[in-house]
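Only one structure is covered here, and it is reproduced in the block below.
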Amino acid sequence: MYSLPVELLDSVAQYLPYSSLATLAQTCSTLCPVAQRVLYRSVSASAWSQNLCVIDTLAKKPHVARFVRSFYIAIDSLAPVFLAYYRQLAKAILNMSELTSLTLLVDSSVSWVLKEASSRIHFPHLLQFTCSFSFDENVARFLDRTPSLLELEVDSIPTVFTRNSSFPYLAPTSIPQLQQFIGSSRTAKLIVPGRPVRSIHLNGGGLMEDDIPLLARSTVPLVILGAVTNVPPVPFLETLHRHVPHLVYLRVMSTKDIFMSPTAEFYEQVASILTSFTELNAFELSGMHWGSQVKKNDGAKRVWQSAPLQTRNYPEDDLLFGSEIFLAY
């Protein structure tokens, strides 16, 4: 057994249940790291999973922490932890240098848990980073150490304090491979320009028409966009078409005149603008999926819905919609 290649042992260990891996880790010094590599490859910690104590292990045992590739932690605000726990989390992050995915859903004020790691090591393999922090100095310095990052979520729930705070400096050479951003429009305006961002989902706050040219400064065409705006939909879509005409998927939540029923003229205006997006395949406006179909004799073009959809397309619908069963719901 001791002469078997480590790669073969690792391959066999992948098929063992966790209970067997835990037993295997206690057998001998040769098989212990084999079992630990599988046991700690993906760590998900939360109060409801009752495994928050794993942070202490990762903080105290760097050789174990280096096995972690994916790390997720969620701490409910209704069940807070002591400050000492966050100090241990900071040590655990420092030790997990081989991460490919990192999710920190914790108290938004403890971004300092990134500080020690970002001042001492790099995360060359990290591809995805999600956090509940605002975009502050600690986050910016951490991003300086993630050259391979592809997906980033930060500042998703901006507070009054963060909206009025100044931005930290982020070097143009940081996160050079970023492809997807999720967060606030204020942070997107700093993160997106000069980087190959293809997908943007904006949470909280309103995307203004003046913000769109900044998002268009991605080094590759923007193909996916989800945003909230208080600009009327028609001029907003016109501005989008001028600056980001290659959209494939578009989701817009407009808070302007949100309680007014759309008119037939409004449907026609929206359909006309959507037709100008030659690559657009799906569009959603304030929760309404906009119907479309491929144009006959021209599969490269789409015909977009220009009138409200009929709620009853078949005679038998009358039986369903008028029944007591349907009305009960």
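Every value quoted in this text rests on a predicted model; they were computed, and no experiment measured them. Quick note: residue numbers are just sequence positions, from 1.
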Between [X] and [Y], is there a donor-acceptor pair closer than 3.5 Å when you use the side chain of the first and the backbone of the second?
{"X": "Arg145", "Y": "Ile121", "result": "yes"}
{"X": "Ser254", "Y": "Val231", "result": "yes"}
{"X": "Ser132", "Y": "Val106", "result": "yes"}
{"X": "Ser148", "Y": "Pro124", "result": "yes"}
{"X": "Thr146", "Y": "Leu149", "result": "no"}
{"X": "Asp107", "Y": "Pro80", "result": "no"}
{"X": "Thr239", "Y": "Pro235", "result": "yes"}
{"X": "Ser218", "Y": "Arg195", "result": "yes"}
{"X": "Asn95", "Y": "Ala92", "result": "no"}
{"X": "Ser119", "Y": "Glu116", "result": "yes"}

Contact summary for [X] and [Y], nearest pair of heavy atoms:
{"X": "Leu237", "Y": "Phe277", "value": "O-CZ, 3.8 Å"}
{"X": "Ser199", "Y": "His201", "value": "OG-NE2, 3.5 Å"}
{"X": "Pro193", "Y": "Ala188", "value": "CD-O, 3.7 Å"}
{"X": "Gln177", "Y": "Pro147", "value": "NE2-O, 3.5 Å"}
{"X": "Ala45", "Y": "Val54", "value": "CB-CG1, 3.9 Å"}
{"X": "Val139", "Y": "Phe133", "value": "CG2-CB, 3.9 Å"}

Do we see a donor-acceptor contact under 3.5 Å between the side chains of [X] and [Y]?
{"X": "Ser272", "Y": "Thr275", "answer": "no"}
{"X": "Asp155", "Y": "Ser134", "answer": "no"}
{"X": "Asp136", "Y": "Ser111", "answer": "yes"}
{"X": "Glu279", "Y": "His246", "answer": "yes"}

Please report whether the ring centroid of Trp304 lies less than 6.0 Å from that of Tyr267.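 No, the ring of Tyr267 stays outside the 6.0 Å limit from the ring of Trp304, centre to centre.
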Measure the CG-OG distance between Leu240 and Ser276 for me, rounded to the nearest 0.5 Å.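 Answer for the CG-OG pair, Leu240 versus Ser276, is 10.0 Å.
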Carefully, step by step, assess Phe181 and Thr187 under the rule side-chain contact (heavy atoms from CB on, under 4.5 Å). CA-CA 9 Å; Phe181 174 79; Thr187 302; 3.8 Å; yes
Taking 4.0 angstrom as the limit, do Arg141 and Glu137 come out as a salt bridge? yes
According to the interplanar angle, ranging from 0 to 90°, do the rings of Phe167 and Phe135 count as parallel (below 30°), tilted (30 to 60°) or perpendicular (above 60°)? tilted
For Phe142 and Phe129, take the angle between the two ring planes, folded into 0 to 90°, and tell me which bin it lands in: parallel under 30, tilted 30 to 60, perpendicular over 60.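 Rings of Phe142 and Phe129: tilted, 30 to 60°.
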With respect to Met96, which candidate in Val64, Leu126, Val68 satisfies the side-chain contact (heavy atoms from CB on, under 4.5 Å) definition? Val68
Taking C-beta and beyond as the side chain, do Ile55 and Phe71 meet within less than 4.5 Å on heavy atoms? yes
